[in-house]
Amino acid sequence: MFRKALATGGPTPDGLSGEEEKAYQILKHFFATGVGYANEMANRPQTLYAIADSPVGLAAWMLDHDERSYQLIARAFAGNPGGLSRDDVLDNITHYWLTNTGVSSARLYWESHLAFFDVKGVQIPVGVTVFPDELYPAPQSWAEQAYPKLVHYNRVEQGGHFAAWEQPQILSQELRDTFRSLR
């Protein structure tokens with residue numbers, strides 16, 4: 001939607017609501033400091049094969065996904081889990097290591113060509129749950145533009161980019177709430 005302005009660090013577009021302005025600023029910060037991770041996976045996923053050679057390298061790659069996720073994971077190792085325990089983090093890294101799926105998990109970025117924040121015009125019923133520690137909190141107005149058949153929109157109190165891993169009960173409830181109206 002604002003990809004060019006975000007990518008070039010241009011001025012904030014006029015006419016944004018307060019919620020949209022906040023989301024835009026979060027995206028602007030992401031494009032200025034965090035998109036390198038996605039760029040590498042999108043443009044040169046084969047260069048990531050080095051993470052298949054070392055469990056420590058894989059762990060470093062996974063733990064440094066984005067600023068907020070790193071903070072949440074670091075909390076687990078500092079004794080303040082907040083959704084993830086040390087065992088959860090180590091189990092997840094072990095799962096990727098034993099199944100050798102660290103590199104293949106990057107394919108999504110290559111296939112999306114970094115257009116993961118663009119309006120898609122999806123024509124099937126969709127639900128959007130905004131987790132507070134996600135890469136950006138999608139305003140309802142933007143979700144409605146991206147998903148014309150939006151049947152559920154909700155902001156929850158906990159969770160981030162890896163919500164299914166961090167807050168599985170909340171995500172499960174949100175899925176139930178989303179599709180209840182379609183029964």
Side-chain angles (χ1 to χ4, degrees), residues 23 26-27 29-31 33-42 45 48-112 114-117 120 122 124-140 142-143 146-147 150-180:
I26 291 170
L27 280 175
H29 176 74
F30 171 76
F31 274 90
T33 65
V35 80
Y37 187 89
N39 276 326
E40 181 67 22
M41 291 189 290
L48 300 177
Y49 278 106
I51 66 175
D53 293 339
S54 165
V56 173
L58 174 64
W61 179 257
M62 292 175 69
L63 296 176
D64 197 23
H65 179 271
D66 63 269
E67 284 181 65
R68 190 62 185 132
S69 293
Y70 177 80
Q71 292 168 356
L72 292 169
I73 291 168
R75 275 193 342 204
F77 284 88
N80 182 14
L84 293 177
S85 69
R86 291 174 63 153
D87 284 345
D88 291 332
V89 174
L90 295 173
D91 286 351
N92 196 44
I93 294 166
T94 301
H95 170 78
Y96 275 84
W97 178 253
L98 294 177
T99 59
N100 196 26
T101 52
V103 175
S104 62
S105 68
R107 187 162 182 88
L108 168 69
Y109 293 84
W110 179 75
E111 290 175 353
S112 72
L114 294 180
F116 35 78
F117 295 123
K120 304 289 192 280
V122 174
I124 60 173
V126 172
V128 171
T129 300
V130 177
F131 292 88
D133 295 314
E134 178 53 278
L135 294 176
Y136 88 100
Q140 186 166 354
W142 292 1
Y147 308 111
L150 186 68
V151 297
H152 177 79
Y153 178 92
N154 190 30
R155 290 179 170 273
V156 295
E157 297 295 319
Q158 296 176 311
H161 187 65
F162 302 104
W165 179 41
E166 299 165 10
Q167 299 295 333
Q169 291 80 13
I170 294 173
L171 179 63
S172 296
Q173 187 59 51
E174 284 298 299
L175 287 168
R176 287 183 193 100
D177 292 347
T178 294
F179 296 107
R180 184 170 288 120

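Remember, it's a predicted structure, so these values are computed and weren't measured experimentally.
Side-chain contact check for Q173 versus I170: every heavy-atom pair is 4.5 Å or farther apart. Residues F77 and L90 form a side-chain contact, since some pair of their non-hydrogen atoms from C-beta on lies under 4.5 Å apart. Taking the side chain as every heavy atom from C-beta outward, Q158 and E166 never approach each other to under 4.5 Å.
Under 3.5 Å, the side chains of D91 and T94 contain no donor-acceptor pair of N or O atoms.
Taken to the nearest 0.5 Å, the NE2 atom of H95 stands 8.5 Å off from the CE atom of M62. To the nearest 0.5 Å, atoms CG (L175) and OG1 (T129) are separated by 7.0 Å. Atom CG of D177 is separated from atom CG of N154 by 7.5 Å, given to the nearest 0.5 angstrom. Summarising the geometry, atom CG belonging to D88 is positioned 7.0 Å from atom CH2 belonging to W165; distances are rounded to the nearest 0.5 Å.
Of all heavy-atom pairs spanning V130 and A138, the tightest one is CG2-O, 3.3 Å. Residues N100 and A52 come closest through the heavy atom pair OD1-CB, 3.6 Å. The shortest heavy-atom contact between A76 and S85 is CB-C, 3.8 Å. The two residues L171 and F131 come nearest to each other via the heavy atoms CD1-CZ, 4.1 Å. The heavy-atom pair separating P55 from I93 by the smallest distance is O-CG2, 4.4 Å. Smallest separation of non-hydrogen atoms from P125 and V151: CB-CG1, 4.0 Å.
Atom CZ of F179 sits in a crowded spot, with more than 12 heavy atoms from other residues, nucleotides or ligands closer than 6.0 Å.
Y153 contributes a side-chain N or O that, together with a main-chain N or O of Q140, makes up a donor-acceptor pair within less than 3.5 Å.
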